[in-house]
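The structure appears right after this line, and notes come after that.
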Amino acid sequence: MPELAEVEVVRRNLERWWEGRGASQVLVLDEKLLVDTTAPAMEEALLRPLEKADRRGKYLLCRLEGGQVVVFHFRMTGKIVCGDEAEPKYGRLSWFVDGSGWLVFKDQRRLGKARLLSAEEFETYEPLERMGPEPDDLSVDHLRQNCSDRRLLKTALLDQSVVAGVGNIAISEVFWRLELAPDVKCGQLSDEDWENLVRELPIYFEEIIKLSTSDEIKYVEEAGSSNIFQIYGRSGEECSRCGGRIEKMKVGGRTSYFCGGCQR
DNA sequence: TAGTCTGTTAGACA
DNA sequence: CTGTCTAACAGACT
(Lines give C-alpha, C1' and ligand atoms only; values in the text may rest on other atoms or scores of the structure.)
Protein backbone atom coordinates (compact mmCIF):
# COMPACT_ATOMS: atom_id res chain seq x y z
CA MET A 1 0.00 0.00 0.00
CA PRO A 2 0.68 3.46 -0.18
CA GLU A 3 2.55 5.00 2.67
CA LEU A 4 1.68 8.21 4.48
CA ALA A 5 2.45 10.44 1.50
CA GLU A 6 0.16 8.66 -0.96
CA VAL A 7 -2.72 8.48 1.50
CA GLU A 8 -2.30 12.19 2.16
CA VAL A 9 -2.52 12.95 -1.57
CA VAL A 10 -5.78 11.01 -1.77
CA ARG A 11 -7.08 12.84 1.29
CA ARG A 12 -6.42 16.21 -0.32
CA ASN A 13 -8.08 15.08 -3.53
CA LEU A 14 -11.16 14.00 -1.57
CA GLU A 15 -11.42 17.46 -0.05
CA ARG A 16 -11.89 18.81 -3.55
CA TRP A 17 -14.04 16.00 -4.93
CA TRP A 18 -16.30 15.16 -2.06
CA GLU A 19 -16.34 17.50 0.95
CA GLY A 20 -19.67 19.13 1.69
CA ARG A 21 -21.57 16.84 -0.64
CA GLY A 22 -23.13 13.39 -0.45
CA ALA A 23 -23.21 10.73 -3.13
CA SER A 24 -26.34 10.34 -5.22
CA GLN A 25 -25.54 6.72 -6.08
CA VAL A 26 -23.36 4.07 -4.43
CA LEU A 27 -22.20 0.70 -5.76
CA VAL A 28 -20.47 -1.97 -3.71
CA LEU A 29 -18.67 -3.87 -6.46
CA ASP A 30 -16.72 -6.28 -4.26
CA GLU A 31 -18.02 -7.13 -0.79
CA LYS A 32 -14.66 -8.51 0.20
CA LEU A 33 -13.37 -5.05 1.03
CA LEU A 34 -16.09 -4.45 3.62
CA VAL A 35 -15.21 -5.19 7.24
CA ASP A 36 -17.80 -5.45 10.01
CA THR A 37 -20.44 -3.94 7.80
CA THR A 38 -22.84 -4.82 5.00
CA ALA A 39 -23.19 -3.53 1.48
CA PRO A 40 -26.57 -1.87 2.22
CA ALA A 41 -25.17 -0.13 5.32
CA MET A 42 -22.16 1.19 3.43
CA GLU A 43 -24.32 2.29 0.51
CA GLU A 44 -26.64 4.18 2.80
CA ALA A 45 -23.79 5.81 4.72
CA LEU A 46 -22.10 7.19 1.62
CA LEU A 47 -25.28 9.04 0.66
CA ARG A 48 -24.56 11.41 3.54
CA PRO A 49 -22.35 14.44 2.92
CA LEU A 50 -18.67 14.21 3.74
CA GLU A 51 -17.95 16.54 6.61
CA LYS A 52 -14.18 16.13 6.65
CA ALA A 53 -11.51 13.89 5.16
CA ASP A 54 -8.76 13.15 7.68
CA ARG A 55 -5.68 10.96 7.75
CA ARG A 56 -3.93 9.14 10.57
CA GLY A 57 -0.81 7.23 9.58
CA LYS A 58 -1.83 5.18 6.56
CA TYR A 59 -5.52 5.27 7.44
CA LEU A 60 -7.94 7.52 5.57
CA LEU A 61 -10.82 8.73 7.73
CA CYS A 62 -13.96 10.00 6.06
CA ARG A 63 -16.22 11.72 8.58
CA LEU A 64 -19.80 11.80 7.44
CA GLU A 65 -22.54 14.13 8.61
CA GLY A 66 -24.33 12.43 11.48
CA GLY A 67 -21.13 11.08 13.04
CA GLN A 68 -20.38 7.89 11.13
CA VAL A 69 -16.81 7.43 9.88
CA VAL A 70 -15.71 5.38 6.88
CA VAL A 71 -12.18 4.14 7.49
CA PHE A 72 -10.20 3.12 4.43
CA HIS A 73 -6.93 1.22 4.48
CA PHE A 74 -5.27 0.76 1.10
CA ARG A 75 -2.82 -1.98 2.07
CA MET A 76 -0.65 -2.64 -1.01
CA THR A 77 -2.50 -1.47 -4.10
CA GLY A 78 -5.57 0.46 -3.01
CA LYS A 79 -6.35 4.00 -4.13
CA ILE A 80 -9.28 6.32 -4.71
CA VAL A 81 -9.70 7.99 -8.08
CA CYS A 82 -12.28 10.25 -9.69
CA GLY A 83 -13.58 9.63 -13.21
CA ASP A 84 -16.51 9.06 -15.55
CA GLU A 85 -16.68 5.31 -15.13
CA ALA A 86 -18.66 3.63 -12.35
CA GLU A 87 -16.97 0.25 -12.76
CA PRO A 88 -13.40 0.62 -14.02
CA LYS A 89 -10.97 -2.25 -13.85
CA TYR A 90 -10.17 -3.18 -10.22
CA GLY A 91 -13.05 -1.01 -8.98
CA ARG A 92 -14.35 -2.28 -5.60
CA LEU A 93 -16.57 0.55 -4.34
CA SER A 94 -17.99 3.48 -6.32
CA TRP A 95 -20.00 6.51 -5.34
CA PHE A 96 -21.18 9.34 -7.58
CA VAL A 97 -20.75 12.89 -6.35
CA ASP A 98 -22.50 15.63 -8.32
CA GLY A 99 -20.05 18.07 -9.84
CA SER A 100 -17.11 15.65 -9.53
CA GLY A 101 -18.04 12.28 -10.99
CA TRP A 102 -17.56 8.70 -9.90
CA LEU A 103 -15.24 8.28 -6.95
CA VAL A 104 -13.88 4.76 -7.07
CA PHE A 105 -11.91 2.74 -4.57
CA LYS A 106 -9.65 0.68 -6.85
CA ASP A 107 -7.57 -2.18 -5.54
CA GLN A 108 -5.82 -4.63 -7.83
CA ARG A 109 -4.83 -7.11 -5.12
CA ARG A 110 -8.01 -6.86 -3.05
CA LEU A 111 -6.19 -6.56 0.25
CA GLY A 112 -7.60 -3.11 1.01
CA LYS A 113 -10.37 -2.56 3.53
CA ALA A 114 -13.29 -0.21 4.09
CA ARG A 115 -14.91 -0.09 7.50
CA LEU A 116 -17.99 1.76 8.68
CA LEU A 117 -17.84 2.94 12.27
CA SER A 118 -20.35 4.75 14.43
CA ALA A 119 -19.09 7.84 16.22
CA GLU A 120 -18.69 5.79 19.43
CA GLU A 121 -16.87 2.93 17.71
CA PHE A 122 -14.55 5.38 16.06
CA GLU A 123 -13.57 6.90 19.41
CA THR A 124 -12.17 3.58 20.57
CA TYR A 125 -11.03 2.11 17.25
CA GLU A 126 -8.01 0.15 18.33
CA PRO A 127 -5.62 0.51 15.37
CA LEU A 128 -5.82 4.27 15.80
CA GLU A 129 -5.64 4.12 19.58
CA ARG A 130 -2.29 2.41 19.59
CA MET A 131 -0.79 4.31 16.67
CA GLY A 132 2.36 6.32 17.35
CA PRO A 133 2.75 10.04 16.62
CA GLU A 134 2.73 11.43 13.11
CA PRO A 135 6.26 12.08 11.77
CA ASP A 136 5.82 15.84 12.17
CA ASP A 137 4.87 15.34 15.80
CA LEU A 138 7.68 12.99 16.71
CA SER A 139 10.22 13.68 19.44
CA VAL A 140 13.67 12.21 19.98
CA ASP A 141 12.60 11.11 23.46
CA HIS A 142 9.55 9.21 22.28
CA LEU A 143 11.51 7.53 19.53
CA ARG A 144 14.37 6.42 21.74
CA GLN A 145 11.98 5.10 24.36
CA ASN A 146 10.48 2.79 21.76
CA CYS A 147 13.72 1.68 20.13
CA SER A 148 15.61 -0.76 22.29
CA ASP A 149 19.30 -1.13 21.48
CA ARG A 150 19.06 -4.65 20.05
CA ARG A 151 16.22 -3.89 17.68
CA LEU A 152 16.78 -3.18 13.99
CA LEU A 153 16.08 0.50 13.36
CA LYS A 154 14.19 -0.47 10.22
CA THR A 155 11.86 -2.81 12.13
CA ALA A 156 11.22 -0.20 14.79
CA LEU A 157 10.31 2.50 12.27
CA LEU A 158 7.98 0.19 10.35
CA ASP A 159 6.13 -0.48 13.62
CA GLN A 160 3.10 1.82 13.41
CA SER A 161 2.90 2.09 17.19
CA VAL A 162 6.35 3.71 17.22
CA VAL A 163 5.72 6.25 14.49
CA ALA A 164 2.74 6.51 12.12
CA GLY A 165 2.88 6.21 8.36
CA VAL A 166 6.43 5.03 7.70
CA GLY A 167 6.67 2.31 5.05
CA ASN A 168 9.32 0.26 3.31
CA ILE A 169 10.11 2.90 0.71
CA ALA A 170 10.52 5.68 3.25
CA ILE A 171 12.98 3.48 5.13
CA SER A 172 15.31 3.15 2.14
CA GLU A 173 15.04 6.79 1.22
CA VAL A 174 15.53 8.24 4.70
CA PHE A 175 18.38 5.86 5.55
CA TRP A 176 20.09 7.00 2.36
CA ARG A 177 19.60 10.67 3.27
CA LEU A 178 21.16 10.08 6.69
CA GLU A 179 23.88 7.74 5.37
CA LEU A 180 22.75 4.94 7.66
CA ALA A 181 23.41 1.28 6.89
CA PRO A 182 20.21 -0.62 6.04
CA ASP A 183 20.72 -3.09 8.88
CA VAL A 184 21.80 -0.60 11.56
CA LYS A 185 20.66 -1.48 15.09
CA CYS A 186 19.02 1.15 17.27
CA GLY A 187 21.88 0.90 19.75
CA GLN A 188 24.38 1.97 17.10
CA LEU A 189 22.90 5.42 16.54
CA SER A 190 24.55 8.51 17.99
CA ASP A 191 22.62 11.34 19.61
CA GLU A 192 23.12 13.26 16.41
CA ASP A 193 21.71 10.38 14.33
CA TRP A 194 18.51 10.38 16.40
CA GLU A 195 18.11 14.12 16.01
CA ASN A 196 18.73 13.92 12.27
CA LEU A 197 16.16 11.16 11.96
CA VAL A 198 13.45 13.09 13.78
CA ARG A 199 14.21 16.16 11.66
CA GLU A 200 14.40 14.35 8.32
CA LEU A 201 11.29 12.13 8.46
CA PRO A 202 8.71 14.93 8.11
CA ILE A 203 10.84 16.69 5.50
CA TYR A 204 10.98 13.49 3.46
CA PHE A 205 7.21 13.01 3.57
CA GLU A 206 6.55 16.64 2.71
CA GLU A 207 8.76 16.36 -0.36
CA ILE A 208 7.21 13.08 -1.49
CA ILE A 209 3.69 14.47 -1.01
CA LYS A 210 4.64 17.34 -3.32
CA LEU A 211 6.11 15.00 -5.93
CA SER A 212 3.14 12.61 -5.69
CA THR A 213 0.39 15.17 -5.98
CA SER A 214 -1.93 14.27 -8.85
CA ASP A 215 -5.46 13.08 -9.39
CA GLU A 216 -4.34 9.46 -9.53
CA ILE A 217 -1.50 8.06 -7.51
CA LYS A 218 0.83 5.99 -9.63
CA TYR A 219 2.85 3.46 -7.75
CA VAL A 220 6.45 2.64 -8.60
CA GLU A 221 6.66 0.19 -11.48
CA GLU A 222 3.04 0.83 -12.39
CA ALA A 223 2.48 1.49 -16.09
CA GLY A 224 3.02 5.14 -16.93
CA SER A 225 4.79 6.00 -13.70
CA SER A 226 8.26 7.30 -13.17
CA ASN A 227 10.44 6.51 -10.19
CA ILE A 228 10.55 9.64 -8.06
CA PHE A 229 12.86 8.09 -5.48
CA GLN A 230 16.62 8.48 -5.04
CA ILE A 231 17.43 4.82 -4.49
CA TYR A 232 14.26 2.77 -4.04
CA GLY A 233 13.95 0.45 -7.03
CA ARG A 234 17.29 1.57 -8.44
CA SER A 235 19.66 -1.29 -7.75
CA GLY A 236 22.57 -1.31 -10.18
CA GLU A 237 22.29 2.42 -10.79
CA GLU A 238 24.73 5.07 -9.62
CA CYS A 239 24.28 6.86 -6.31
CA SER A 240 23.54 10.53 -7.05
CA ARG A 241 25.62 11.57 -4.04
CA CYS A 242 28.83 9.58 -4.25
CA GLY A 243 28.65 7.74 -7.57
CA GLY A 244 28.73 4.37 -5.79
CA ARG A 245 26.65 1.41 -6.84
CA ILE A 246 23.12 1.06 -5.47
CA GLU A 247 22.48 -2.39 -4.01
CA LYS A 248 19.62 -4.17 -2.33
CA MET A 249 19.35 -6.64 0.51
CA LYS A 250 16.69 -8.15 2.74
CA VAL A 251 16.46 -6.52 6.14
CA GLY A 252 13.72 -7.45 8.54
CA GLY A 253 12.16 -9.60 5.85
CA ARG A 254 11.73 -6.83 3.31
CA THR A 255 13.95 -5.37 0.63
CA SER A 256 16.13 -2.38 1.49
CA TYR A 257 17.94 -0.38 -1.17
CA PHE A 258 21.17 1.33 -0.21
CA CYS A 259 24.37 2.75 -1.61
CA GLY A 260 27.33 0.51 -0.94
CA GLY A 261 29.59 3.55 -1.14
CA CYS A 262 28.23 6.11 1.29
CA GLN A 263 25.96 4.26 3.72
CA ARG A 264 28.17 2.92 6.47
C1' DT B 1 8.08 -21.88 -12.10
C1' DA B 2 9.44 -19.50 -8.33
C1' DG B 3 10.14 -15.07 -6.65
C1' DT B 4 8.67 -10.28 -6.24
C1' DC B 5 5.71 -6.34 -4.36
C1' DT B 6 4.78 1.04 -0.97
C1' DG B 7 0.91 -3.58 4.47
C1' DT B 8 -0.74 -5.93 8.57
C1' DT B 9 -1.29 -9.66 11.65
C1' DA B 10 -0.95 -14.19 13.93
C1' DG B 11 1.82 -17.80 15.33
C1' DA B 12 6.34 -20.18 15.64
C1' DC B 13 10.78 -19.93 17.27
C1' DA B 14 15.26 -18.58 19.75
C1' DC C 1 9.40 -10.87 27.83
C1' DT C 2 12.00 -9.56 23.29
C1' DG C 3 12.82 -9.72 18.78
C1' DT C 4 12.73 -11.95 14.34
C1' DC C 5 10.87 -14.85 10.79
C1' DT C 6 7.18 -16.96 8.03
C1' DA C 7 2.80 -17.45 6.27
C1' DA C 8 -1.43 -15.70 4.95
C1' DC C 9 -4.28 -12.48 2.59
C1' DA C 10 -4.55 -11.87 -3.45
C1' DG C 11 -3.26 -10.81 -7.97
C1' DA C 12 -0.15 -9.51 -11.63
C1' DC C 13 4.20 -9.54 -13.38
C1' DT C 14 9.15 -11.20 -14.45
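Each chain gets a letter, A, B and so on, in the order the sequences are listed, and its residues count up from 1. Remember, predicted model here, so these are calculated numbers, not experimental data.
Evaluation of the side chain to side chain donor-acceptor pair (under 3.5 Å) rule for A:R130 yields A:E126 as partners, not counting sequence neighbours. Among residues two or more places apart in sequence or in another chain, the side chain to side chain donor-acceptor pair (under 3.5 Å) test is passed with A:E237 by A:R234. Take A:F175 and apply the ring-ring contact (aromatic ring centres under 6.0 Å, His included) test, not counting sequence neighbours, and it matches no residue. Checked against side chain to side chain donor-acceptor pair (under 3.5 Å), A:E195 has no partners two or more places apart in sequence or in another chain. Residues meeting the side chain to side chain donor-acceptor pair (under 3.5 Å) test with A:K32, sequence neighbours left out: none.
Residue pairs meeting the salt bridge (Lys or Arg N to Asp or Glu O under 4.0 Å) criterion with at least one partner in residues 87-103 of chain A, sequence neighbours excluded, are A:D30-A:R92. Residue pairs that meet the salt bridge (Lys or Arg N to Asp or Glu O under 4.0 Å) test with at least one member in residues 131-140 of chain A, sequence neighbours left out, are A:R55-A:E134, A:R56-A:E134. The list of salt bridge (Lys or Arg N to Asp or Glu O under 4.0 Å) pairs with a residue in residues 179-194 of chain A, not counting sequence neighbours, reads A:R144-A:D191, A:E179-A:R241, A:D193-A:R264.
Within 4.0 Å of A:K248, counting heavy atoms only, lies no atom of the nucleic acid at all.
With side-chain heavy atoms closer than 4.5 Å counting as contact, directly or through intermediates, A:I203 stands alone and belongs to no larger hydrophobic cluster.
Contact check, A:H73 against B:dG7: no side-chain N or O comes under 4.0 Å of OP1 or OP2.
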message = Wobble G-U and Watson-Crick pairs count when both distances are under 3.5 Å; given that, what is the 5' to 3' dot-bracket string of DNA chain C, with | for pairing to other strands?
response = .||||||||.||||
Just the atom pairs and distances: protein N or O near nucleotides 11-14 of chain C's N or O, under 3.5 Å.
residue: C:dG11; atom: OP1; partner: A:R110; partner atom: NH1; Å: 2.5

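The closest donor-acceptor contact from the side chain of A:S94 to the backbone of A:A86 lies under 3.5 Å.
Residues of residues 150-163 of chain A that place a heavy atom closer than 4.0 Å to DNA chain C, in numerical order, are A:R150, A:R151, A:L152, A:T155.
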